[in-house]
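Reading through the structure tokens given below for one structure.
Keep in mind that this is a model prediction, so the values were computed, not measured. Chain letters run A, B, ... following the sequence lines, proteins first and then strands; every chain starts at 1.
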Protein chains: 2
Amino acid sequence: MQTVDKAVELLGYFSERQPEFGLSELARTVGFDKASTRRLLLALIKHDYIEQNPTTKAYRLGIGVLRLARVRETSTPTEAIVNPLLQKLVAITGESAHFSLLSGGRISSVGIVESSKSNRISFVQGEEGAIHATSSGIVCLAFSSDESINEVLKDGLEAFTEHTITDARQFRKMLQAVRNEGYHINHELYEKDVCSIAAPVFNQAMRPIGALAVAAPTSRFGSGAKKQILTAVYEAAAAASRAFGAEIDGSKL
Amino acid sequence: MQTVDKAVELLGYFSERQPEFGLSELARTVGFDKASTRRLLLALIKHDYIEQNPTTKAYRLGIGVLRLARVRETSTPTEAIVNPLLQKLVAITGESAHFSLLSGGRISSVGIVESSKSNRISFVQGEEGAIHATSSGIVCLAFSSDESINEVLKDGLEAFTEHTITDARQFRKMLQAVRNEGYHINHELYEKDVCSIAAPVFNQAMRPIGALAVAAPTSRFGSGAKKQILTAVYEAAAAASRAFGAEIDGSKL
DNA sequence: AACTAATGGTGATAATAGTGAACCGATATG
DNA sequence: CATATCGGTTCACTATTATCACCATTAGTT
């Protein structure tokens, strides 16, 4: 089923940042041969999971994916579970909250509720973040398999700010801490003046499917606010996990 | 890439009506060997497009599909295009309107705006309809390839009401009429006392990706209402097609 | 309790599939 | 007008996948 792996890996490369690819471009980024890439694309096009712009020849995700999402959402609602939790997080903390999915070694936010404050952290729907520098990515990774962790490490840890952890040993140590504590507090690892707290959301199989997080400007991230956010995020994530069928023991806090 | 075809075909069997499958059950319905089915599922699970309920062992669509839909929706909005048109249709006609997707030989509604009248036609999000008996299915099929048409015909045309067209020749004739006129008026072909009018929505490649439709009880489906609905649906569908990049000539009406 | 018929899942060989370098025509870019 | 890209295709070479028989387990029946 390695062919399926490849097809599915292909789909994973389409993102908010790059929703369209030329054939050669896609083959290059994915690392497959042009001929193979084309064949995979044709197979996906046949089923409407990819479509091609007839004028630019560029490939992008097709309408088929909408049907899948609808079916999934109708049978096992995710937005319906997550959105109220996000609303509540914003109400309690006054800061922007978001839900990110871990899928195919990528982390991308799929639910966002923004703070009403004028100086707030804004996210873009579907935007991907560096898995090793965002609190959402870090908590997911901490509870993922060793392979997933090695996968991230092998490409090196890109520095986004002066605080980004780029040393593999130090990074593993941090993951261990996250595993023990069940959350992560991010102090400007990804972006200057942005702090965030995230806790993992598990599914029925106790795999981390994503994370709930609240982000705030550093200026509003005092120890009092931090505690409040931490408690709120942790409880929301536990509630989400329970809603997804995971069996979460009492608070670790 | 026949393996990819199979994997993708598998995904197509998950629906609103049946969102979960046991292994044997799925292998039977799809027509693959149990071992093959399992391997395909494993490949899809690896990438989060399928997940398994650890207690019941049942397979269902995974969270991965949500990411794809988000990416697609952010880069090439569909809901954002279709919803206002549906709202407008309801405002003009006073009846329920919906947008259905044609994907993998199935027709399923992905956008619904209901009439405010108490006696209205209600749809379920993601529900599939018979492609040969719903106006949405018929208009899509009319502009689809011969293979698609033959695919539908080869399984026979199930009768849902006394008006359902079950004769293949008669059905082809109807499709030809739809091709000429650009719409279809459905008089209780699918459900007693329910009439509807649908027009196809095309994408940039001029393939029918779905249909916009308005449905009403037969009692409110007089010739005056019919004309009004037809015009509104036809124009809305043309607008949608244009928004998707299709080049639609002036009104055929 | 023994029997039957499902279920989910697996492993080894027979049968079939996918891969990729080279190539084509077309369109830019210098 | 030479070079380099693009999207797309071909065919000799090579890998993968299908199938069937089988196992362990569960549920219902006699």
- Task: Would you please classify the geometry between the A:His132 ring and the A:Phe160 ring as parallel, tilted or perpendicular, with 30° and 60° separating the classes?
- Result: tilted
- Message: Measuring to OP1 and OP2 of C:dT19, would you say a side-chain N or O of A:Lys6 lies under 4.0 angstrom away?
- Response: yes
- Item | Short side-chain N/O contact from B:Thr3 to OP1 or OP2 of D:dT16, under 4.0 Å | no
- A:Ile50 atom CD1 is separated from D:dG7 atom P, nearest whole Å, by 14 Å
- Task: Please work out if B:Ser36 contacts a base, only the sugar-phosphate, or nothing of the nucleic acid, heavy-atom cut-off 4.0 Å.
- Result: base
- Message: Under the side-chain hydrogen bond (donor to acceptor under 3.5 Å, both in side chains) test against A:Gln176, which residue among A:Arg179, A:Arg172, A:Lys173 passes?
- Response: A:Arg179
- Any donor-acceptor N or O pair under 3.5 Å, side chains B:Glu51, A:Gln204: no
- Produce a footprint string for nucleotides 4-15 of chain C: one letter per nucleotide, 5' end first; B if the base is under 4.0 Å from any protein heavy atom, S if only the sugar-phosphate is, - if neither. ---SBBBBB---
- Item | Flag side-chain contact, heavy atom, 4.5 Å: B:Arg38 against B:Phe32 | no
- Task: May I have the distance from B:Asp5 (atom CG) to C:dT16 (atom C1'), rounded to whole angstrom?
- Result: 15 Å
- In terms of heavy-atom contacts, A:Leu102 and A:Ser144 come closest through CD2-OG, 3.6 Å
- Query: Given atom CG of A:Leu41 and atom C1' of D:dG8, what is their separation to the nearest angstrom?
  - Reply: 12 Å
- Are B:Arg70 and A:Glu79 ion-paired here, with the side-chain N under 4.0 Å from a carboxylate O? yes
